Amino acid sequence: MGTGSEALWLGLVAAGGTLAAALIFSAVSALRLREAEQRLRDKEIDHQAVMDRLQENEYRLRAIIESEPECVKLQAADGTVLEINPAGLRLVDADRPEDIVGKRIYAVVAPEHAELYRENMRRVFAGEAVVYEFRSITLKGRTCWMETHAVPLRDARGAVYALLGITRDVTEHKLAEEQARRHQTELARVARLSTMGEMATGLAHELNQPLAAIANFARGCIRRLRGGDVAPSELIGPLEEVCRQAERASEVMRHVRDFVRKREPQLAGADINQIVRSVAKLTELETRQHGAAVRLELAPQLPRVLADPIMVEQVIGNLVRNSVEAMTEARSPRREITIRTGPNGGAGVEVEIADSGPGIDGALIDQVFDQFFTTKREGVGMGLSISRSIVESHGGTIRAESGAAGGATFRFSLQAAGQEAGGGERRHGLHR
Ligand code: ADP
């Protein structure tokens with residue numbers, strides 16, 4: 001082959017190679033492009049699928065929320081209702097979403113609960129999950145009780161942007177609760193009346209003494225008047241005694257009335273030792289009839305306590321009566337009840353009622369204050385529960401203990417009355 005044709009041949013080969021390379025390159029590029037397009041299409045499809053799924057989820061979530069029988073709502077920090085489901089609209093008596101959406105929730109919160117509501121919202125926006133109850137006055141003026149379970153909703157950065165609340169109408173539940181409470185109060189009153197029945201024996205005895213004395217003095221006066229040898233001034237003394245005894249009898253009657261009347265505790269500065277003495281007197285006959293003796297160990301110079309004397313008498317009376325019953329039932333050979341008063345370690349006073357009876361079974365000691373807990377055949381199981389609620393309504397506490405060798409001890413505390421009343425007690429103490 002000549003040099004010229006060799007060069008041509010080489011040129012052709014080179015050109016062919018370049019062409020082939022160009023063809024291959026463009027084929028590869030087209031392929032890559034198609035692949036890229038395919039990937040893009042795939043991505044778009046994926047993206048669409050994700051969007052569809054998201055939308056589906058949102059529809060599903062909305063459908064759930066819309067058909068949710070409880071009110072579901074979103075609120076902003078200032079109480080603006082952002083969203084609310086149909087159950088929520090019904091709950092607040094809104095005819096259209098615009099009646100409440102975009103408005104403050106306080107439009108349906110009773111004014112006396114607005115502050116409490118605000119405080120709960122503050123807690124939710126501070127990140128807490130909160131359950132709260134409030135009275136609501138709906139857009140149509142209907143009053144009802146609501147319970148809301150509220151949780152904070154956070155954005156991607158973790159900041160709370162809304163409150164998600166599930167609210168339901170608890171009016172019926174509230175009414176039932178109120179009814180149960182009223183029933184309870186009524187029961188307590190009935191129990192007090194039956195305690196009263198037991199106390200009647202003691203009171204009859206209490207009344208008998210002044211009445212007999214009145215009859216005696218009056219008869220004496222009549223005798224002397226009939227005899228005709230009496231100066232009017234000589235009758236003053238016995239007649240004054242008649243008055244004194246009548247006042248004593250009416251005092252006893254006042255106790256009876258106060259005891260059965262329904263009332264709130266009337267707290268005032270009171271002398272606890274005086275209250276204990278009065279109970280000891282009222283229960284004297286009953287304890288004596290059961291062969292029991294009451295010993296008083298009363299600390300002098302105690303501060304005056306913040307108490308309703310009649311109610312505290314009822315507590316001590318219940319405890320003494322329980323001791324007498326326990327000792328009688330157990331046929332305790334020694335039947336002694338000691339009532340002690342003393343400082344309670346703080347500013348208040350402690351009252352202790354200890355007996356020499358069988359004591360309380362360790363397994364039961366935590367239940368004795370429960371309503372209707374009784375180990376007695378004819379027991380009601382209300383005495384200690386009423387006693388505890390009385391002590392607690394005075395801001396005090398009561399507890400029971402049982403000694404290893406038997407004997408039950410009940411201790412309760414009462415708060416001291418204010419500084420002024422304390423000074424009064426000291427003055428009172430000096431004059432005693
Ligand atoms: P009730 O007297 O009607 O049973 P209470 O509430 O007064 O109701 O008392 C509940 C129970 O506590 C009594 O049934 C008794 O078992 C127990 N209890 C109370 N006081 C004493 C006591 N001093 N000694 C032993 N047990 C007691």
Side-chain angles (χ1 to χ4, degrees), residues 4-92 94-108 117 120-132 147-168:
S5 60
E6 232 171 61
L8 183 71
W9 175 243
L10 277 175
L12 274 176
V13 167
T18 312
L19 193 67
L23 276 174
I24 289 169
F25 176 76
S26 75
V28 167
S29 297
L31 204 65
R32 287 228 173 102
L33 192 68
R34 259 207 306 280
E35 273 176 10
E37 275 170 3
Q38 186 59 43
R39 272 206 301 277
L40 202 65
R41 265 199 305 278
D42 285 352
K43 264 202 182 127
E44 266 169 13
I45 290 169
D46 279 354
H47 182 70
Q48 194 52 46
V50 168
M51 291 301 285
D52 287 351
R53 263 208 307 279
L54 269 177
Q55 199 146 39
E56 232 171 72
N57 275 346
E58 194 184 329
Y59 285 148
R60 204 173 307 138
L61 209 61
R62 277 202 175 270
I64 291 172
I65 291 175
E66 300 265 301
S67 60
E68 168 65 45
E70 312 275 26
C71 154
V72 182
K73 59 187 181 340
L74 288 188
Q75 276 167 219
D78 64 355
T80 304
V81 177
L82 304 171
E83 284 205 49
I84 190 163
N85 68 346
L89 295 178
R90 283 194 298 276
L91 196 66
V92 299
D95 294 326
R96 298 168 303 260
E98 314 80 272
D99 292 346
I100 187 78
V101 175
K103 311 257 165 66
R104 300 278 167 90
I105 190 71
Y106 299 108
V108 292
Y117 198 103
N120 282 311
M121 282 208 67
R122 269 196 287 274
R123 286 173 57 192
V124 174
F125 277 86
E128 240 181 283
V130 181
V131 180
Y132 50 91
E147 183 189 77
T148 293
H149 292 244
V151 290
L153 284 190
R154 297 172 189 278
D155 61 20
R157 279 166 292 124
V160 179
Y161 69 94
L163 170 154
L164 171 69
I166 298 181
T167 302
R168 62 197 169 108

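From a predicted model like this one, the values you see are computed outputs, not experimental measurements.
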List for me each residue that meets ring-ring contact (aromatic ring centres under 6.0 Å, His included) alongside Phe125, sequence neighbours excluded, and say none if there are none. none

Is the shortest side-chain heavy-atom distance between Ile166 and Thr148 below 4.5 Å? no

Hits for salt bridge (charged side-chain N to carboxylate O under 4.0 Å, His left out) against Glu66, two or more places apart or cross-chain, chain-then-number order -> none

On a heavy-atom basis, which atom in Ile100 and which in Ala94 lie closest, and how many Å separate them? CG2-CB, 4.2 Å

Quick one: side chain to side chain donor-acceptor pair (under 3.5 Å) partners of Asp52, sequence neighbours excluded? Gln48

Nearest non-hydrogen partners of Tyr132 and Asn120, listed with the distance: CB-ND2, 3.2 Å

Counting C-beta onward and ignoring hydrogens, is there a side-chain heavy-atom pair between Ile84 and Val101 closer than 4.5 Å? yes

Got a donor-acceptor contact below 3.5 angstrom from the Asp99 side chain to the Arg96 backbone? yes

In terms of heavy-atom contacts, Ala87 and Glu70 come closest through CB-O, 3.5 Å

Answer yes or no: is there a side-chain heavy-atom contact under 4.5 Å between Val124 and Val151? no

Judged by modelled atom types alone, do Lys103 and Thr80 share a side-chain donor-acceptor pair under 3.5 Å? no

Show the atom names and distances, to 0.1 Å, of all donor-acceptor pairs under 3.5 Å that link a side chain in residues 25-47 to residues at least two apart or in another chain.
from	atom 1	to	atom 2	distance (Å)
Ser26	OG	Leu23	O	3.1
Ser29	OG	Phe25	O	2.9
Gln38	OE1	Arg41	NH2	2.8
Gln38	NE2	Asp42	OD1	3.1

Over all atoms of both residues, closest heavy-atom pair of Cys71 and Leu91: CB-CD2, 3.7 Å

Listing, residues 54-63 side-chain donor-acceptor contacts under 3.5 Å, not counting sequence neighbours, or none:
from	atom 1	to	atom 2	distance (Å)
Arg62	NH1	Glu83	OE1	3.2
Arg62	NH2	Glu83	OE1	3.2
Arg62	NH2	Glu83	OE2	3.4

List the steps, then state whether side chain to side chain contact (heavy atoms under 4.5 Å, CB included) holds for Tyr106 with Met121. CA-CA 11 Å; Tyr106 299 108; Met121 282 208 67; 3.7 Å; yes

How far does CG of Leu74 sit from CG of Leu153, to the nearest 0.5 angstrom? 6.0 Å

Strictly distance-based, threshold 3.5 Å: is any side-chain N or O of Asn85 a donor or acceptor partner for the main-chain N or O of Ile65? yes

Where is the tightest heavy-atom contact between Pro152 and Glu128, given as atom of each residue plus distance? CD-O, 3.5 Å

Interatomic distance, Leu164 atom CG to Gln75 atom CD [nearest 0.5 angstrom]: 9.5 Å

Leu82 and Ala162 have their tightest heavy-atom pair at CD1-CB, 4.2 Å

Taking side-chain contact (heavy atoms from CB on, under 4.5 Å) as the test, write out the residues that go with Glu147, two or more places apart. Val131, Glu133, His149, Arg168, Val170

